[in-house]
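Each chain gets a letter, A, B and so on, in the order its sequence line appears, and its residues count up from 1.
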Amino acid sequence: MWEAIQANKRKSVVLIGLLAGVLVALGYFAGVAFDPQAGRFGILTAVGLWFILMAVALAGGKRILLATSGAREVTREQAPQLYNIVEEMKIASGLPAMPKVFIIDSDAPNAFAVGLRPENSAVAVTTGLLARLNRDELQGVIAHEIGHIANRDTLFMTLAGMTVGAIIILADVFLRGMWITGGSRRRSSRGGGQAAAIMAIVAVILAVLAPMLGQILYFACSRKREYLADASAAQFTRYPEGLASALEKIAGYHGTNMQVSKAVAPMFTVNPLAAAGSARSLFSTHPPTADRIQVLRAMAGGSLTAYDQAFRKLHGDQAILGARTLAGAQDVEVRPARVQKKVTQAEQLRAAKDILNQAARFATIACACGLRIKLPPGFDEKSVRCPRCGRYHTVPSPDLLAGAAALQTVRIVHTDDAADEQAHLHSGGAGR
Amino acid sequence: MVGILILLAVIVIVAFALIGMYNGLVALRNQVKNAWAQIDVQLKRRHDLIPNLVETAKGYVKHERETLENITKARNLAVQAGGAGAAAAGKAEGALGDALSKFFLVVENYPDLKANQNFLALQEELSSTENKVGFARQFYNDAVMKYNTQTESFPSNVVAGMFGFKKAEFFEITVAAEREVPKVQF
């Protein structure tokens with residue numbers, strides 16, 4: 001567990017260092033290509049660009065992500081089972097703090113995790129996911145997300161993503177600049193000589209190759225971290241079949257995709273943008289779902305070692321977990337499946353929607369005809385007529401007003417939270 | 001002169017190695033302590049839920065006084081064992097688990113109790129707490145294993161011996177031999 005984090009950290013530092021090196025080199029050569037004296041200016045531009053992207057990502061990453069996906073925070077009282085499952089996985093992973101729990105109103109079954117530090121993280125699941133999965137499967141998915149947080153994938157993918165982003169922008173600007181000014185021609189006439197021409201060629205080659213290499217590296221890491229999160233999920237739950245069968249159900253979904261930006265795709269359980277079971281490619285954030293299921297089902301136990309063995313068996317002896325990670329792992333048995341209550345998907349979906357409505361501070365009036373009328377917060381009529389039977393009901397206005405007011409405060413609290421997080425990151429960065 | 005310098009260098013290197021090992025052992029021991037605290041929280045929660053459960057069930061299961069008394073007895077023993085280390089706690093928790101599972105088998109004969117909302121909520125809370133105890137135990141035992149391996153293997157065992165780092169106890173919930181997976185009939 002701790003070894004996995006340590007090994008991850010080391011590799012992450014190496015990879016981000018590599019990407020940063022490429023970025024700085026690109027900045028230098030791009031600068032020199034325009035003017036032999038501009039090497040330092042090029043580096044400064046590259047680093048400045050990186051800082052701007054990082055600032056944007058750190059300042060609002062969590063807020064932007066949760067806002068764009070239309071997520072709503074739920075409490076223990078509103079969603080006891082979901083909250084319990086998250087807490088179980090928090091305990092199993094040894095996270096220092098309970099992640100916040102969010103529900104997203106979307107029929108596409110998916111889940112994601114955010115939070116740059118494990119002390120301040122969140123997991124979100126869609127109503128579509130809650131509707132389709134049983135308790136064991138939901139536990140598997142939550143364990144996968146908590147695995148991302150525990151392995152520091154959230155932090156790492158943000159850092160790596162922003163660095164690759166800076167490389168892409170810089171290379172693009174440089175190539176366009178060369179196109180317009182003609183680059184080296186101007187300088188060679190000034191007598192810069194052959195050296196400058198070589199510099200310019202190096203710069204162009206770098207500008208063409210670096211973005212591609214950066215992306216390939218980034219996506220390879222993203223895929224590897226998906227496997228790692230799967231391994232962690234199996235280890236936390238001691239029940240790989242839960243996640244495997246959840247993935248199967250998610251892959252079997254052929255409805256509308258979720259509306260998310262490319263930048264946040266690596267944080268989901270399965271790629272929200274790709275069609276189900278898409279092929280292996282250098283440019284995909286997630287490994288093929290079918291392959292992930294196969295590895296999970298080939299596990300002979302519930303440990304990281306068992307996951308590594310299963311992975312090796314299916315991938316021609318290729319290793320997925322480092323030797324140091326496995327050294328501390330002990331063999332554990334898979335626990336038996338739990339007895340599940342039979343609940344239909346429609347019932348589960350209704351339960352999920354009820355939680356969402358409760359979190360959104362809707363008031364529910366149970367009409368004598370059996371219909372349940374849901375009123376949004378801030379609804380300011382004195383009475384409401386049942387659309388089915390025509391009975392009149394008094395509106396619980398104080399509740400709805402209180403709900404609207406509470407939502408307002410929640411929004412303010414969230415802003416404070418983000419500022420707090422930013423401050424922490426700042427002081428952390430200065431200390432190191 | 002050179003000999004003294006080499007000697008000094010060796011002493012400094014050894015000192016640093018010892019400090020590193022000592023700090024590593026302290027970190028692992030703290031991890032074990034923290035992991036145990038997690039288990040403790042969940043066990044306390046379990047103990048707190050049981051009086052409510054007994055209170056709710058009392059009115060419905062008048063003929064099962066013995067079963068309820070057994071639960072209360074086992075619960076009180078488990079509370080007492082809480083401060084007496086992992087092995088004692090594991091035994092008492094096992095007995096409590098037995099008493100509870102017997103009770104839930106009995107409950108099958110009382111449809112009124114099974115339909116009680118309060119009882120259902122308590123049942124979900126109890127079973128989730130039991131899961132949490134399980135996961136906390138998993139994490140704790142991993143921590144204990146790492147710590148014990150470190151205190152036993154050379155050269156850190158020398159440091160462990162010097163500063164009195166004792167082996168930690170695993171936490172196993174010992175269940176009675178005759179207890180089997182309860183058969184649920186539909």
Side-chain angles (χ1 to χ4, degrees), chain A residues 1-6 76-77 79-98 135-136 138-139 142-143 146 150 232-239 242 301-305 324-342 351, chain B residues 24 27-28 30-43 45-46 49 101 104-105 108 114 117-118 120-150 153 170-173 180-186:
Chain A
M1 175 67 221
W2 306 289
E3 293 82 359
I5 296 172
Q6 285 304 320
R76 182 198 291 276
E77 286 72 33
Q81 179 172 297
L82 176 63
Y83 199 92
N84 272 337
I85 291 174
V86 175
E87 197 175 0
E88 283 167 20
M89 288 304 103
K90 175 241 162 194
I91 291 168
S93 64
L95 278 192
M98 178 72 187
R135 199 181 194 284
D136 276 343
L138 192 58
Q139 193 183 48
I142 298 285
I146 300 266
S232 304
Q235 190 213 4
F236 296 159
T237 58
R238 307 283 204 246
Y239 190 64
S303 66
L304 294 179
T305 318
R324 277 181 63 98
T325 308
L326 295 175
Q330 49 184 325
D331 277 335
V332 284
E333 291 194 1
V334 172
R335 71 163 170 79
R338 290 211 172 77
V339 182
Q340 308 276 354
K341 257 184 272 171
K342 288 261 178 290
Chain B
L28 285 175
N30 285 340
Q31 204 124 41
V32 170
K33 269 187 201 157
N34 289 342
W36 177 256
Q38 286 291 324
I39 296 183
D40 223 31
V41 168
Q42 297 307 327
L43 289 181
R45 171 127 188 84
R46 190 185 192 198
L49 284 168
S101 63
F104 282 119
L105 277 182
E108 292 297 313
K114 269 169 68 183
Q117 279 303 319
N118 199 6
L120 282 176
L122 274 169
Q123 201 177 10
E124 153 71 26
E125 271 308 297
L126 254 182
S127 73
S128 174
T129 308
E130 222 150 303
N131 287 349
K132 285 169 196 162
V133 171
F135 288 120
R137 184 173 67 98
Q138 203 168 288
F139 190 74
Y140 169 81
N141 284 346
D142 282 356
V144 168
M145 193 173 95
K146 267 199 70 67
Y147 170 71
N148 284 354
T149 312
Q150 210 51 236
S153 51
F170 285 100
F171 180 60
E172 295 300 341
I173 296 182
E180 284 167 21
V181 180
K183 288 187 193 84
V184 184
Q185 268 145 17
F186 294 102

Original post:
Of all residues at least two apart in sequence or in a different chain, which pass the side chain to side chain donor-acceptor pair (under 3.5 Å) check with Asp40(B)?
Top reply: Lys44(B)

Subject >> Least distance between heavy atoms, Phe135(B) atom then Phe236(A) atom >> reply: CE2-O, 3.1 Å

Original post:
Going by heavy atoms in the side chains, are Ile91(A) and Gln138(B) under 4.5 Å from each other?
Top reply: no

**OP:** Report the distance from atom OG1 of Thr129(B) to atom CD of Glu87(A), rounding to the nearest 0.5 Å.
**Re:** 8.5 Å

Subject >> Most chain A-contacting option - heavy-atom pairs closer than 4.5 Å, from Arg137(B), Glu125(B), Lys132(B) >> reply: Lys132(B)

